[in-house]
Amino acid sequence: MTQSASKQSMPSAAHQPNSAVLNWLEKLSNAFHSNASDDVASLFEKDGYWRDLVAFTWNIKTLEGRDAIRDMVSETVSHVQPTNWQLEEDATDTDGVIDAWITFDTAVARGRAYLRLRDGLAWTFLTTMTELKDYPEKRNKLRPKGAEHGANKNRQTWLEKRQQEERTLGYDEQPYCLIIGGGQGGIGLAARLRQLDVPTIVIDALPKPGDTWRNRYKSLSLHDPIWYDHMPYLPFPENWPVFTPKDKIGDWLEMYTKVMEINYWGSTRCTSAQYDEEKQEWLVSVEKNGETLTLRPKQLVLATGMSGIPNIPEIPGMETFEGEQHHSSKHPGGEAYKGKKCIVLGGNNSAHDICCALWENDADVTMIQRSSTHIIKSDSLMELVLGGLYSEEAVENGMTTYKADLTFASIPFQIMPQFHIPAYQAVAERDKDFYQRLTDAGFLLDFGEDGSGLFMKYLRRGSGYYIDVGASDLVANGDIKLKSGVSIEYIKPKSVVLTDGTELEADLIVYATGFGSMNGWAAKIISQEVADKVGKCWGMGSNTAKDPGPWEGELRNMWKPTHQDALWFHGGNLHQSRHYSQYLSLQLKARMEGIETPVYGMEPVHHLS
């Protein structure tokens, strides 16, 4: 997972696409040198886009249109001092769009950019911070020696140093950063902070890294392919399965935590946190193996995934039910329910996985689908949507994980649907017989409100989809019974009554009803006041279902400064956690070292949860 381009010959100015890019870069550099924000804006299409990941704005921010670009440059260029714009490799021209990889420097950092040029003007421009000049990661030529050569009576071995750190950090010495949540997000961020020498502790209520995965239902595996799911620094080996089983990913995370030397406190629960404005530090109370401790980190990261506290609907009669009922996050698997009548409320990923596992264990299972769901077959997702960036073929064609991540990130969310709609139209055509079978069974299908499919639904609302790995055939065949367009009206001791009046016997009710916003954890751990101060996490204001406007252009509160000093949110799928942990780690390191980090363009809070 290198962050450098593959070794190539120097780009030639005689190559026509290169010439167009170099001409644009020369104008950009001159405009920056003259502090001419109007001239910078004029290099973009009228409705062009500039997406910045920390390099200019110390934020994650998309500027849409010349006016927004001009205003950002006007406010930031004097302290950013961008220079040394270089074409990194030969640009390419596809149907009149020139794509180019670019490197640049700022006053305090190095960066990489990705440009799409049309008719001499920028259509999209991505700028990212890759490292702080004075605080590079200690890798490659900067890697530690490990052995201490020479004679020294007070020599400490690597093991002795690690043991001393484990004894003192959190006790005699305070961490600069505390990460609450020890899943893949928290662990990956901690690995990046470790490489930047930021003293960090990760805490999790479960005993071992990976237990979050181990404790889920038996049949769970990653629905994303392996090329999409690498962790920072340490990619999965070449013989790793395409779809990782839950216990295997759990073991990987445990190994990763140890190998990457992460200070991980298992069996540790945060009971409260409050920010001391005067001392500019957090007071965090934790229970660690029955011991009460107070930690005083300067920065607090909630890394509880992209989801908040489980949503469990309040349904009349729940308290009278004589069977078993639980949220999908607590579902143990299908083994205990052979011959039982099972109701699963929900129609998305977890609902399908759980229904399938119950059917495999000879349960009588009914899915209650309240609203439409986007379904995409796993093979179609891999071949028609992800394959160009995240696949064995992409690797064979020279695509690195890092370049794939940047290419993906270079598409502003406002225009991302126009990139995705054609792919999902191809999916719909390829799998039309499959979709017809589901429709004939009464299943409610959609491709998103604008036909843009899986990832836009994920970004907008974090729900409403299923990557089919087998359950859809069971639904189409009637093996998994289906009641669609209805919900549960009320619950009786041995049955559920639906909103259409149907009564179904039930021994088990599983609420596959999703999760609340991540700021629900802020309310629980810190206060409702702070949760409301930072506002809703996730979504971008697309004004589609479960993502109300106004348009904000980026995911709310994720991986960037919030309206509460020193409070950060980190989460998302493995791909997002890997990629955006880089920018969050750089923001935290800069603050630790006292680098000025003037944040540009923070959005006001529009929604509280």
Side-chain angles (χ1 to χ4, degrees), residues 206 211-223 243 245-250 307 309-370 373 375 438 441-443 463 465-484 486-500 502-515:
L206 297 174
D211 279 351
T212 303
W213 288 95
R214 296 186 185 99
N215 290 351
R216 298 295 301 278
Y217 50 91
K218 188 174 82 169
S219 62
L220 178 65
S221 66
L222 295 181
H223 289 188
F243 301 104
K246 71 177 184 72
D247 296 286
K248 194 170 180 67
I249 192 69
S307 304
I309 296 167
N311 280 331
I312 301 178
E314 294 184 8
I315 301 173
M318 291 176 74
E319 70 285 355
T320 70
F321 187 60
E322 295 176 1
E324 185 178 346
Q325 54 184 328
H326 51 243
H327 189 265
S328 58
S329 60
K330 302 296 183 183
H331 184 65
E335 297 80 3
Y337 305 103
K338 181 176 181 177
K340 301 290 187 182
K341 294 186 179 297
C342 305
I343 305 295
V344 177
L345 180 62
N348 298 332
N349 263 338
S350 293
H352 279 82
D353 283 350
I354 290 168
C355 284
C356 183
L358 288 167
W359 176 85
E360 290 175 341
N361 285 276
D362 298 317
D364 180 325
V365 57
T366 301
M367 176 189 292
I368 309 297
Q369 185 197 23
R370 296 170 294 174
T373 307
I375 307 287
L438 276 173
F443 195 86
S463 65
Y465 52 84
Y466 168 56
I467 301 172
D468 177 42
V469 291
S472 288
D473 279 335
L474 297 177
V475 174
N477 294 340
D479 294 311
I480 294 172
K481 299 173 184 176
L482 175 68
K483 292 291 292 184
S484 57
V486 296
S487 189
I488 300 175
E489 182 78 24
Y490 59 94
I491 298 173
K492 298 169 72 171
K494 298 180 184 298
S495 64
V496 300
V497 178
L498 307 182
T499 50
D500 66 357
T502 304
E503 184 170 354
L504 302 174
E505 294 181 42
D507 301 303
L508 168 70
I509 305 171
V510 180
Y511 300 105
T513 45
F515 300 82

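Fair warning: this is a prediction, and the values are worked out from it, not measured in the lab.
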Indicate the atoms forming the closest heavy-atom contact of L222 with W213, along with that distance. CD2-CH2, 3.2 Å
Could you go step by step and tell me if E505 and D364 meet the side chain to side chain contact (heavy atoms under 4.5 Å, CB included) rule? CA-CA 10 Å; E505 294 181 42; D364 180 325; over 6 Å; no
What's the separation between atom CH2 in W359 and atom SG in C342, rounded to the nearest 0.5 Å? 14.0 Å
Residues passing the side chain to side chain donor-acceptor pair (under 3.5 Å) test with E322, sequence neighbours excluded, are K494
Could you walk me through whether L508 and L358 satisfy the side chain to side chain contact (heavy atoms under 4.5 Å, CB included) test, starting with their C-alpha distance in whole Å, then the side-chain angles of each, then the deciding distance to 0.1 Å, before giving a yes or no? CA-CA 11 Å; L508 168 70; L358 288 167; 4.3 Å; yes
Please list, chain by chain and in numerical order, all residues satisfying ring pair (Phe, Tyr, Trp, His ring centres under 6.0 Å) with F443, sequence neighbours excluded. H352
Using modelled atom types only, decide if a donor and an acceptor are shared between the side chain of D500 and the backbone of T502 within a distance under 3.5 Å. yes
Heavy-atom nearest pair, S484 first then G442, reads OG-O, 2.7 Å
Quick one: are V475 and Q369 in side-chain contact, heavy atoms under 4.5 Å? no
Could you tell me the separation between the CD1 atom of I368 and the OG1 atom of T499, rounded to the nearest 0.5 Å? 9.0 Å
Does the D507 side chain pair with the main chain of K341, one donor and one acceptor, at a distance under 3.5 Å? yes
Measure up the H223 and Y466 rings against each other and bin them: parallel (under 30°), tilted (30 to 60°), perpendicular (over 60°). perpendicular
Minimum heavy-atom distance P313-T513, with the two atoms named: CD-OG1, 3.6 Å
Do you know the tightest heavy-atom contact between P332 and Y337? CG-OH, 3.8 Å
Please check if the side chain of K246 supplies one atom and the backbone of R214 the other of a donor-acceptor pair under 3.5 Å. yes
Where do L474 and C355 land on the side chain to side chain contact (heavy atoms under 4.5 Å, CB included) test, with the steps shown first? CA-CA 9 Å; L474 297 177; C355 284; over 6 Å; no
On a heavy-atom basis, which atom in I343 and which in A506 lie closest, and how many Å separate them? CG1-CB, 3.7 Å
Got a second to check how far Y490's OH is from S495's OG, nearest 0.5 Å? 8.0 Å
Between the CD1 atom in I509 and the OG1 atom in T366, the distance rounded to the nearest 0.5 Å is 11.5 Å
If you round to the nearest 0.5 Å, how far is CG of L498 from CD of E489? 9.0 Å
So how far is it from L504 CG to K483 NZ, rounded to the nearest 0.5 Å? 7.0 Å
Please answer whether the main-chain N or O of S328 pairs with a side-chain N or O of S350 as donor and acceptor at a distance below 3.5 Å. no
Would you say N348's side chain and A512's backbone share a donor-acceptor pair under 3.5 angstrom? no
Taking K492 first and then E503, would you say they form a salt bridge - that is, a charged N and a carboxylate O separated by under 4.0 Å? yes
Run the side chain to side chain contact (heavy atoms under 4.5 Å, CB included) test on I488 and L345 for me, step by step, so that the C-alpha distance in whole Å, both residues' side-chain angles and the decisive distance to 0.1 Å come before the verdict. CA-CA 8 Å; I488 300 175; L345 180 62; 4.2 Å; yes
Would you check if the side chain of H327 reaches a backbone N or O of G514 as a donor-acceptor pair within less than 3.5 Å? yes
For the residue pair I467 and N349, what are the closest heavy atoms and their distance? N-OD1, 3.0 Å
